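The structure appears below as structure tokens.
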Amino acid sequence: MPKSFSASTLLCFLIRFIATDLVLSKESFTFTHPIHNIATGRHHVVVATENRLYLFNHTLHNLAVRDPQLDDVKSVCSEKDLPPGFYNKILLVYNDIVLGCWNKNLGACRQYSVNNLTLLKGYGVEIVSCNPKHTAAGFIVQKANEINLVTAALTREKRIIAIRKYSGDVFGIPTEVNVKHQTPVLNFVDAFEWKGKYFFLYYPSIKPEGRLLVYNEDNIKFQLSSQYNLTCGTAPHRGVILSSFAFASSGSFFWAGIFSTTGIESPDRTALCIYNITLLDETGCIYTDFEVDNDDCVNNYKPLLINSKPLVVHRDLTAVFFLEVQKTWVLFLGTGNGQLLKVTLDSNYTARCPQIFHDFEKEAAVFRTMQLDPLNKSYLYVATVNEITLSIKKNPSLFDKQSSWSCEFQNNRTKEVLCSAVAGPLSLICSCPFPVTKSSDRDILTANAKSNNDIITEHFQFNNCLQYSQYSCLECISNGCLYCTKESACRSPLTNCTDTADEVNIMAALKVLITGENLQNLSRMFLVGAISCKPQQVQIKRDEYWNNTHAFISLPKAEKQMKQLCVHFDGRCHQGLNIVYELLPTCSVNFPNFVWLSGGRKLLLSGKGLNLVDKFSKTGSKFVHKDFECLKNDTHCYFIAERLSETNQIVNISLHIEENIVTCGSIHYKADPIFTSFIAIDAHDTIEVRIKKKKDDLHIRADEIQVFVNSNLTCEVRNITEWADEDIVFCKAKQDLSKKIDVNKIVVKVVLGSYTQELTKVTWISYYIYILLVIPVLLGVVIVTCVITRYKSKKLSEKLSKQMEQLECDIRQEIRDGFAEFQIDKEDVTVEAVGTIPFFDYKHFALNTFFPESDGNRQDFSEKLCENVPSPFQKNPKNLTDENDALTTLKILFENQGFLVLLIHTLEKQKDFSVKDRCMFASFLTIIFQNNLLSLTGLLETLIKDLIEQSNNKNPKLMLRRTETVVEKLLTNWMATCLYGFLRESVGEPLYGLVCTLNQRIHKGPMDVITCKALYTLNEDWLLWQITDFNNVDINVHFPAPEGEAVHDADYCIKVTVLDCDTIGQVKEKILQTFLSKNGYSFSNPLCDICLELHFGQTYKELSDVDDSSVVMDNGLRKLNTVKHYKIENGATIKIIIRKNHDPESEENDLQNMENKGKQKFKVKEMYLTKLLSTKVQPCILTSILFNPVYYNFLRFCIWTISHKPPVAVKYFFDFLDTQGEIKKISDPDVLHIWKTNSLPLRFWVNILKNPQFVFDIKKTALLDSCLSVIGQAFMDGFSLAEQQLGKSAPTNKLLYAKDIPQFKEEIRSYYKNIRDAPPLSSTELTEFLTSESKKHQHEFKDDVAIFELYKYIEKYNDVILSTLEKETGFESEVTHLLNLQKLSKDKKKWAWQ
């Protein structure tokens, strides 16, 4: 029998055909009732289920739903004991009409509109049977203006095959053929037409055998012309047809069918056979099942036999669909365990091994019919089956379509709500699953549907399912029961069907025991599945347990299917056991999953394939792994929770199958329940007991509690009532009237798994006794507590007093030490000779100043500007004419000052011309004018005048304050170019001395290697004030001799002073600094390649920041090793070892994550502010040399020189600003002071002070940068016109140089006055100076690279620039040049593509 479906889902598959490779995508719709038929029209899909007819568009969007029960039912079937409900037998779509034939209304058919399922016509003539067990098939034949309805169905008059012509909006009287009276019920599977012939496929219900009937339309008299018995293989006998599909290919017509046996499940129970209908011989006549009027049948009565060899043999095929892709046959096969298989046939029509195309959820069986999308033949509709659910229908007349509604299912016996769900406003279905353990066959279930104030209630019961075993599978399922195919029996869905095959998971079984005889002679074994797949060889394990009757084998991996295990001997394979390959088991812990601490609770695991599990295990926080026993079947497993020692533990449950572990869930351990009291009532022959229990999260059920009265009388628990703060357990105990029990003196014993608690009734006398006993105890506790508290308070006060005294002494000592150090500490300032100062040459100084960004562009520009690179305008490497022309044109344009000014103003008006672009443009412009500073100065004058004009209209004091325009960056570069000689000849030496002195002072005290803070600094934010005591340690460091030179110990051993708190890495840095100070050059190897060895006579020890001897702190981090850690004393010998395999980045990364303060003494940061003053004192001389010209011995080193002639560039530019002030009639002297300050000190000197690495080949650390920032801020404060009002709360960075600022201001005013009073520069002096500087830098850079970078900006804004030039007069030649350059650039791109 074809399988029926209890709950179904229609799936739409998208199949794109690329050779035979298929791609799958899906949309779905879930039905409440079982699917009976599926049909497709020109634009729609129609699905008939029990009691419903659904209309969809081709994308499965639900358009309409119709209930056939609402149609006019004039009569009912006369047959008795038929199940309720409407069953669809035939569903056809033609001419925008849906024809549906249902079992009710005497098996009549109805016509509906395909647009909205509106009823068009109903027929009172019986066409199909009223009995749901009797199947039917039919189709519509349209030729010219004639429409015929061809049906094959058993009716009350026994007529089977009928042809009805459509006339006058009705189907007329049929031409028919009747079945013989003694013929059993015939199950018609399919009917179709091909070239004027009608084909009918069926099989008898008794002794099933597939048969094919053929009717020739050309016959004058209606009769069937041929009958064929269809045999799909010889053994086993497969007589039941499950699915049918007819198709044409290569000019022939074929029919494919799924055949099945009626016996038990086996690997070859179902098979696919394909028959060529074109080759059928029509020489037979109908005799077996039908009444015929043909004399020829007397001599020829045997139907023709067609025996087709199965193409595919499978455990459980249910559906077939054919597709031809590039002349290759592709078959889609549905299975009973939710698989869609793809099978391709080769040129000899031999099936290749089936491939799993898709696995459906919950292993739902595939419906027998598959259909193509009516609009897009790339789509395939497939119906499949879901798990068993309880469902109710939404009544459209009762519920508002715009509101949501809900449903719930309740067990009337336990009053427990089994499950609930919410349906959407337009949904007609509401369903929810519930565990089968919550109900039994005897329970009456109530279904409630609610919407607003409306409610529908329906009662049903899973009982008497066995009475439907004598009927069909369809009738069993329609009554809410479960049909077991292997047993041919109808059962309750709350039970399980039996299985006779051995099951394994699809991941293989590594060790399987087999028993038999003569197994020592076993040589080869195979697994045999579908006939189109190759057998899989089974590994035989020849171990110590192998004997004549027992052997172990290892099963290989396979897809989800049934196979047979066969033994190979005598040259052939003898089949044996059936092996079912299943998916890995699934499981979950059922609610409640809470366990009381004493254990003993019975817990339930539910899932699938649990009978395949090797073992169950649990893991928790207090134990790693424990196996436990679980009483199991395929879907459920019971186990008893064990006792644990601590609450709030989570125990994870897992199952093990072979080498796979599947997590089921977790159980939570809570505290044991607490039963507080009870009330007992004597109700004559029974005692009613109500036990109070504190509220908890255990969700205890009534069947889990056992209650005993006086230890011998069982009290049956009836229910547990839950309240907000407590639960009431109600039970009844029967008592013997002859031995009445006094309810005031009973003892109640509560048993909950392994937990037991006894309760006694407390009287008023007992309460008084308890109070009298408790009061003295409480008084004693209070007295003892007071005494102990007072004693501890006194001790704590004494301890705190001592700690405060010690802290006060420590603070006094720290302050005294700081004052003494500030007064007596002296340190000689060592400044190297000028020849040893590592000045950068002009080229590197200019690059550092012009391009201060730290990104990768600077290195690229440095390489391009200093090397020969190909020109961007060169079209052909062999021809340099275009390159030279382009460069010449650009140089002509850039030498035109008017063009440059207009170009700069035009670019600055563009919104996307950023500040970075303006600075880069100015720097490239400076480079191309390095050999013509005179032109650059003229351009600078013009742009400054324009900027002054703009500033006068706004706020002139803000001019040159920032670097946001091209001219401001151009002024910075011009100052750097012109003052490089003055910087190197005068200010460079004290500036380098200042940097070195700061470094020496910083390294004199401790430095935190993690935070980079130091004890000696000028910046409070970088002050290391949480320090411990430290001491100086003098060590002798031996350097390795250079290769090829003799070793002289005196030359390669130097004395280095370090601190005992220095890390090994800091010791290395101080060694290299001392080497540089002594020798005037750096050590040849980098810091990362240097290792230190501490020598003790003949022994030595390698020193490292972290090693096995490092101290491990409480949080698991290691403390960095220091000089004190290695116990290095004065005069110790350290030897330097060179190793090239060090990784400095890994060491740096290790140090970055090791910050941990640990336990330290109490410190006050303000005690160490004197360290800022002591740090200021050491470089004070050099700061005075730089800033204060009173030191006349150093006048040539001062930044603002007054006794000598000022630098030409400074004198020229300050005079230029004074002249512009007079022209613009600026009367405020502060404006000119601000202009001069913003142009020279702010734009040049502060930049040099804060970034000495621009001038010298040194490394600027973050700590050194913080100190230089303080000095630079003090330098700029001296130029400020505003008087600083500093108070006690002012920042220390401001207070540090507060007394020096007024003196700076006086000197600066004098400096500005002397420059203004100095003799003016003649044009000849300025020209000679600029010409001389241009010659010095004439060949420093490759200017064509800078020209190309400038042209990139011109090319980006070419249209705007051309438009601006065309509006101005006198730029005709420039426009021509730009157009030529644009053409060259386009040609260059064209050549690049070619």
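Owing to the predicted nature of the structure, the values given are computational and were not obtained by experimental measurement. Just so it is clear, the values below take in all heavy atoms, side chains as well, and ignore hydrogens, waters and symmetry mates.
Remark: His656 NE2 to Lys615 NZ distance equals 5.5 Å, nearest 0.5 Å. One finds the CD atom of Gln649 at 5.0 Å from the CG atom of Leu644 (value rounded to the nearest 0.5 Å). Within the model, atoms CG of Leu631 and CG of Leu604 stand 11.5 Å from one another, a figure rounded to the nearest 0.5 Å. Note: Lys618 NZ to Ile667 CD1 = 6.0 Å, rounded to the nearest 0.5 Å. Of the inter-residue distances, the one linking Leu555 atom CG with Ile514 atom CD1 reads 9.5 Å to the nearest 0.5 angstrom. One distance of note links OG1 of Thr619 with CD1 of Ile650; it measures 11.0 Å at 0.5 Å rounding.
Salt bridge status for Asp316 with Arg269: present, with a side-chain N to carboxylate O gap under 4.0 Å. Classification of Arg211 and Glu209 as a salt-bridged pair holds, one side-chain N sitting under 4.0 Å from a carboxylate O.
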- request: Given side-chain contact (heavy atoms from CB on, under 4.5 Å), test Val47 with Asn37 step by step and report yes or no.
  value: CA-CA 6 Å; Val47 180; Asn37 276 308; over 6 Å; no

query: Can Cys637 and Cys587 be said to form a disulfide bond (SG atoms under 2.5 Å apart), step by step?
result: CA-CA 9 Å; Cys637 172; Cys587 66; over 6 Å; no

field: Stepwise side-chain contact (heavy atoms from CB on, under 4.5 Å) check, Leu605 with Phe616
entry: CA-CA 11 Å; Leu605 300 179; Phe616 293 87; 3.9 Å; yes

task: Go through the steps to decide whether Leu60 and Tyr381 satisfy the test side-chain contact (heavy atoms from CB on, under 4.5 Å), and finish with yes or no.
output: CA-CA 9 Å; Leu60 289 186; Tyr381 298 107; 3.8 Å; yes

query: Could you walk me through whether Tyr202 and Asn187 pass the side-chain contact (heavy atoms from CB on, under 4.5 Å) check?
result: CA-CA 5 Å; Tyr202 72 98; Asn187 297 297; 5.8 Å; no

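Ring-plane geometry between Trp329 and Phe322 is classed as perpendicular, the angle between the planes exceeding 60 degrees on a 0 to 90 degree scale with a lower cut at 30. Aromatic ring pairs are classed by plane angle as parallel below 30°, tilted from 30° to 60° and perpendicular above 60°; the pair Phe259 and Trp255 is perpendicular.
Residues Cys664 and Leu655 approach most closely at SG-CD2, 3.8 Å, considering heavy atoms. Closest approach of Thr318 and Gly336 over heavy atoms only: CG2-N, 3.6 Å. The two atoms that bring His36 and Arg368 nearest to each other are O-NH2, 2.9 Å, heavy atoms only. Residues Leu242 and Leu317 share a closest heavy-atom pair of CD1-O, 3.2 Å. Ile274 and Ser308 get closest at one heavy-atom pair: O-OG, 3.3 Å. Smallest separation of non-hydrogen atoms from Met370 and Val320: CE-N, 4.1 Å.
Enclosure of atom CD in Glu629 is not indicated, since only 12 or fewer non-hydrogen atoms of other residues, nucleotides or ligands lie within 6.0 angstrom.
Using modelled atom types, no side-chain atom of His237 and backbone atom of Thr262 make a donor-acceptor pair closer than 3.5 Å. With hydrogens and angles ignored, the 3.5 Å screen pairs no side-chain donor or acceptor of Arg524 with any backbone N or O of Gln537. Looking at Ser260, its side chain never comes within 3.5 Å of a backbone N or O of Val240 through a donor-acceptor pair. The closest donor-acceptor contact from the side chain of Asp190 to the backbone of Phe245 lies at 3.5 Å or more, if one exists at all. A donor-acceptor pair under 3.5 Å is formed between the side chain of Arg238 and the backbone N or O of Asp268.
Partner Leu272 forms a side chain to side chain contact (heavy atoms under 4.5 Å, CB included) with one of Val313, Val343, Leu333 and no other, that one being Leu333.
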